Amino acid sequence: MENLNQTSSNRFILLGLTNVPYLQAIYVLLFFIIYITTLSANSLLIIVVRINEQLQTPMYFFLSNLSIIDICFSSTIVPRIIINTLSQDRSVSLLDCALQMFFHLAVGGTECLILAVMAYDRYAAICQPLHYNTVMNKTFCICIATGSWTSASISAFIHVFFTFQLPYCLSHNLNHFFCEIPPMLRLSCRDTWPNELAMYITAGIIAMCSFFLTLTSYIHIISTILKIRSSEGRQKSFSTCASHLTVVSMFYGTILFMYMRPHSAYSDIDKIVSVVYSAVIPMLNPIIYSMRNKDVKGTIRKYISEKS
């Protein structure tokens, strides 16, 4: 605990999730399991798509992108939680803090955009099947994925640059488990309204627009499903859409909750919200989107039987 008050002007102290020893042990075990599951499930999905030529489609191309994003997302945050919880020295340098913030914002923004593109891909496949191959051609898919990564990275760089132009003279004890913009703004002794405004605009453009595009796509998908005569077909389609919408709503909801409020409203609840979108959802995505898919499960069984 002595370390909490011993920091230079170029370091921050991450206060973490808790100082209660038995809770720390539970958190370390829990996040270790989450991280291993996230790496295993997403890596397995990437391998399955690579080895099965039948899965070389736009849907699985974007699913592979999502898996890469989730691995990066989780790797940016979860190891830091574990190390920070176990370590006596919870300080982090300005450079490490800036890098963590950049990668967190970049992959988070990319995931917002890729989820919206995936929803549009399903809309094109279900609602416009005759035009699907024309609309979702290889060039378009590569361009939209590249554009998502690039635009999110540029946005992240701008936010990080302006965040670290602020003077942090109130305190260097960051009440969070990683370097995130809302809790950091509370430490500045300068008016942070311009930074907050930029944050609201970015969250509005990237997260909210992506969410509405996703929601609109699924509304059209559901209206098309309702026209299916087979009750079994409708039930299967609704089950898939419901699981997708649940995860998407959780992700967009937690992002908007975190970044569309004034920094003065920040509380310990925000830590739980950050855990959900940065650790839990990257673990759930490959399970919800792919592990229930018969093509993915069939490829895994075939690969295991060939190796055994």
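This is a predicted model, so every value here is computed, not measured.
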field: Greater than 12 external heavy atoms within 6.0 Å of Phe103's CZ
entry: no
field: Asp191: partners by salt bridge (charged side-chain N to carboxylate O under 4.0 Å, His left out), with sequence neighbours left out
entry: none
field: Any side-chain donor near an acceptor of the partner, Ser75 and Tyr35, under 3.5 Å
entry: yes
message: Distance check, rounded to the nearest 0.5 Å: Thr202 atom OG1 versus Met260 atom CE?
response: 10.0 Å
- prompt: How close do His176 and Lys271 get, heavy atom to heavy atom, and via which atoms?
  reply: ND1-CG, 3.7 Å
message: Quick one: does any side-chain atom of Gln128 pair with a main-chain N or O of Tyr123 as donor and acceptor, under 3.5 Å?
response: no
query: Any donor and acceptor pair, going by atom type alone, linking the side chain of Ser151 with main-chain N or O of Ser148 inside 3.5 Å?
result: yes
message: Donor-acceptor check, side chain of Ser188 to backbone of Tyr168, threshold 3.5 angstrom: yes or no?
response: no
statement: Rounded to the nearest 0.5 Å, the CG atom of Leu23 sits from the CG atom of Leu30 at a distance of 11.5 Å
- prompt: So, Glu196 versus Tyr200: side-chain donor-acceptor pair below 3.5 Å or not?
  reply: yes
- request: Decide yes or no on side chain to side chain contact (heavy atoms under 4.5 Å, CB included) for Leu115 and Ser210, but give the supporting numbers first.
  value: CA-CA 8 Å; Leu115 285 173; Ser210 296; over 6 Å; no
Review item, side-chain donor-acceptor pairs of residues 48-59, under 3.5 Å, at least two apart:
{"from": "Asn52", "atom 1": "OD1", "to": "Gln54", "atom 2": "N", "distance (Å)": "2.9"}
{"from": "Asn52", "atom 1": "ND2", "to": "Thr299", "atom 2": "OG1", "distance (Å)": "2.5"}
{"from": "Gln56", "atom 1": "NE2", "to": "Val49", "atom 2": "O", "distance (Å)": "2.5"}
{"from": "Gln56", "atom 1": "NE2", "to": "Asn52", "atom 2": "O", "distance (Å)": "3.3"}

task: Verify, without hydrogens or angle tests, whether Gln100 (side chain) and Thr76 (backbone) share a donor-acceptor contact under 3.5 angstrom.
output: yes
message: Tell me which one of Glu180, Met184, His159 satisfies side-chain contact (heavy atoms from CB on, under 4.5 Å) with Met101.
response: Met184
field: side chain to side chain contact (heavy atoms under 4.5 Å, CB included) between Val92 and Phe178, intermediate numbers included
entry: CA-CA 9 Å; Val92 58; Phe178 71 98; over 6 Å; no
- prompt: Is the closest side-chain heavy-atom distance between Arg122 and Ser217 below 4.5 Å?
  reply: no
- prompt: When the ring planes of Phe73 and Phe251 are compared, do they come out parallel, tilted or perpendicular, using 30° and 60° as the limits?
  reply: perpendicular
message: Just checking Phe162: does its CZ atom have more than 12 heavy atoms from other residues, nucleotides or ligands closer to it than 6.0 angstrom?
response: no
- prompt: Do the non-hydrogen side-chain atoms of Cys112 and Phe211 ever get within less than 4.5 Å of each other?
  reply: no
message: Looking at Ala207, is its backbone amide N or carbonyl O close enough to the side chain of Tyr252 to form a donor-acceptor pair, meaning the two atoms are under 3.5 Å apart?
response: no
- prompt: Does some side-chain heavy atom of Leu187 sit less than 4.5 Å from a side-chain heavy atom of Phe12?
  reply: yes
message: Would Val107 and Trp149 count as a side chain to side chain contact (heavy atoms under 4.5 Å, CB included) here? Give the steps.
response: CA-CA 8 Å; Val107 295; Trp149 282 93; 4.3 Å; yes
query: For Phe31 and Val275, what are the C-alpha separation, side-chain angles and deciding distance, and is it a side chain to side chain contact (heavy atoms under 4.5 Å, CB included)?
result: CA-CA 10 Å; Phe31 282 109; Val275 167; 3.8 Å; yes
field: Donor + acceptor pair across side chains of Asn195, Thr192 (<3.5 Å)
entry: no
task: Answer yes or no: is there a side-chain heavy-atom contact under 4.5 Å between Leu105 and Phe157?
output: no
Separation of Asp70 CG from Glu111 CD (nearest 0.5 Å): 4.5 Å
- prompt: Going by heavy atoms in the side chains, are Phe177 and Leu14 under 4.5 Å from each other?
  reply: no
field: Within 6.0 angstrom of Leu226 CG, more than 12 heavy atoms from elsewhere
entry: yes
message: Whether the side chain of Ser223 engages the backbone of His220 through a donor-acceptor N/O pair (distance < 3.5 Å, no angle test) should be reported.
response: yes
query: Asn42 and side chain to side chain donor-acceptor pair (under 3.5 Å): which partner among Ser64, Ser74, Ser67?
result: Ser67
